[in-house]
Number of protein chains: 2
Amino acid sequence: MNQPAPLDAVMRTLADPTRRAVFERVVGATEITVGELTRGSGVTQGAISQHLKSLKQAGLVAERPEGRNVYYRAESKGLAPLVDWMSHYGVFWRERFDQLHALLKEMDP
Amino acid sequence: MNQPAPLDAVMRTLADPTRRAVFERVVGATEITVGELTRGSGVTQGAISQHLKSLKQAGLVAERPEGRNVYYRAESKGLAPLVDWMSHYGVFWRERFDQLHALLKEMDP
DNA sequence: CCAAAGAATTAGTCGACACTAATACATTAG
DNA sequence: CTAATGTATTAGTGTCGACTAATTCTTTGG
């Protein structure tokens with residue numbers, strides 16, 4: 001009766017503006033460290049770490065530790081639950097999403 | 001520096017599972033009353049009214065009062081901010097969303 | 001006209017969570 | 001080795017919001 005639960009995590013995680021901004025910066029960069037993300041974020045390094053933890057648990061980002069730095073990158077399929085949900089409840093976009101999905105299935109082996 | 005604000009409202013509104021479920025039921029039905037939505041929702045009529053208020057303010061639903069009933073329906077362009085955001089930050093889906101956007105522009109006069 | 005039904009609003013409660021400050025842990029530089 | 005740097009974690013605080021119970025308002029049925 002419910003969606004996979006992943007959707008819940010994705011929605012809840014992206015609902016917070018600060019955390020969404022972090023995600024957007026991660027997406028914008030190929031790879032980015034916690035320190036860089038902290039700069040100009042307006043919040044503490046600890047807060048950024050916590051947000052990254054949430055994003056990771058939601059499957060939206062992945063990490064690559066290197067020395068004393070940790071590089072974060074966007075998880076390519078992280079938004080899939082959201083895409084799936086929109087394909088079901090997108091109203092107005094639904095038929096078009098369905099067409100898109102069919103199209104993507106062909107394009108993606 | 002920020003996204004249109006509407007995105008914030010849409011995200012925050014759809015983040016709550018109960019409210020999202022309400023939205024899904026509204027989408028599923030052509031039109032539906034508060035009473036029907038309350039039935040089987042697990043929460044009070046007052047709570048449903050509050051959720052509908054949020055959904056309305058986020059531009060996700062519209063109302064049509066008729067007698068002592070109020071019929072709610074999905075607002076077709078309500079999810080547009082979310083679609084736009086995903087077209088920017090959808091990673092992996094981005095190119096495909098861009099194609100979709102171009103496609104929609106043609107289809108929609 | 002009165003009672004009942006449908007919906008919105010209010011005040012109040014409780015839990016979730018975003019944040020800070022402080023600390024702990026690991027790694028690199030000198 | 002020692003100090004400094006980068007990140008994660010912890011406890012504690014304050015705010016926000018989801019919910020209920022109760023009330024109000026409107027409309028309809030008898």
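Residue numbering restarts at 1 for every chain, and letters A, B, ... go by the order of the sequence lines. Worth knowing before you read on, the calculation uses all heavy atoms, side chains too, and leaves out hydrogens, waters and symmetry mates. These figures come from a predicted structure and were not determined experimentally.
Regarding B/K53, its NZ atom lies at a distance of 13 Å from the P atom of D/dA18, rounded to whole Å. Counting to the nearest Å, the C1' atom of C/dG15 and the CG atom of B/D16 are 13 Å from each other. The separation between A/E66 atom CD and C/dT27 atom P is 13 Å, rounded to whole Å. Taking atom CG of residue B/D8 and atom P of nucleotide D/dG17, one finds them 11 Å apart after rounding to whole Å. Atom pair B/Q57:CD and D/dG17:C1' shows a separation of 13 Å (rounding to whole Å applied). One interatomic measurement links the two molecules: CD1 of A/I48 to P of D/dT9, which rounds to 15 Å at whole-angstrom precision. One can place OH of A/Y71 at 13 Å from C1' of C/dT27, the figure rounded to the nearest angstrom. The nearest whole Å value for the distance from the CG atom in A/L37 to the P atom in D/dA8 is 10 Å.
Interface remark: the A/Q50 side chain does form a donor-acceptor pair with the D/dT10 base, using a distance-only criterion of under 3.5 Å. A donor-acceptor contact under 3.5 angstrom links the side-chain atoms of A/Q45 to the base of D/dA8. Scanning atom types as modelled, no donor and acceptor separated by under 3.5 angstrom connect the side chain of A/E63 and the base of D/dT7.
The shortest side-chain heavy-atom distance between B/L82 and B/M11 falls under the 4.5 Å cut-off.
We find the OG1-CZ distance between B/T30 and B/R73 to be 11.5 Å, quoted to the nearest 0.5 Å.
Applying the 4.0 Å criterion to OP1 and OP2 of D/dA8, one finds that A/Y72 has a side-chain N or O inside that range. Between A/S49 and D/dT9 there is no side-chain N or O to OP1 or OP2 distance below 4.0 Å. OP1 or OP2 of C/dT20 lies within a sub-4.0 Å distance of a side-chain N or O belonging to A/T44. OP1 and OP2 of D/dT5 both lie 4.0 Å or more from every side-chain N or O belonging to A/N69. At least one side-chain nitrogen or oxygen of A/H51 sits closer than 4.0 Å to the OP1 or OP2 atom of C/dC19.
Using a 4.0 Å heavy-atom cutoff across all strands shown, A/T33 reaches sugar-phosphate atoms only and no base atom. Nucleic acid contact for B/G35: sugar-phosphate only, since backbone atoms but no base atoms lie under 4.0 Å from a heavy atom of the residue. Counting non-hydrogen atoms under 4.0 angstrom, B/G67 reaches the backbone sugars and phosphates but no base.
Nearest heavy atoms, A/E75 versus A/A62: OE1-CB, 3.3 Å. Residues B/Y89 and A/L79 approach most closely at O-CD1, 3.4 Å, considering heavy atoms. Closest approach of A/V22 to A/I48, counting heavy atoms only: CG2-CD1, 3.9 Å.
Under the 3.5 Å distance criterion, the side-chain polar atoms of A/R64 are left unmatched by any main-chain donor or acceptor of A/Y71.
Two residues, B/L52 and A/A47, neighbour DNA chain C, and the one matched to the more 5' nucleotide by heavy-atom proximity is B/L52.
Counting only heavy atoms from C-beta on, B/R68 has its side chain closest to D/dG29 among D/dG29, D/dC19, D/dG6.
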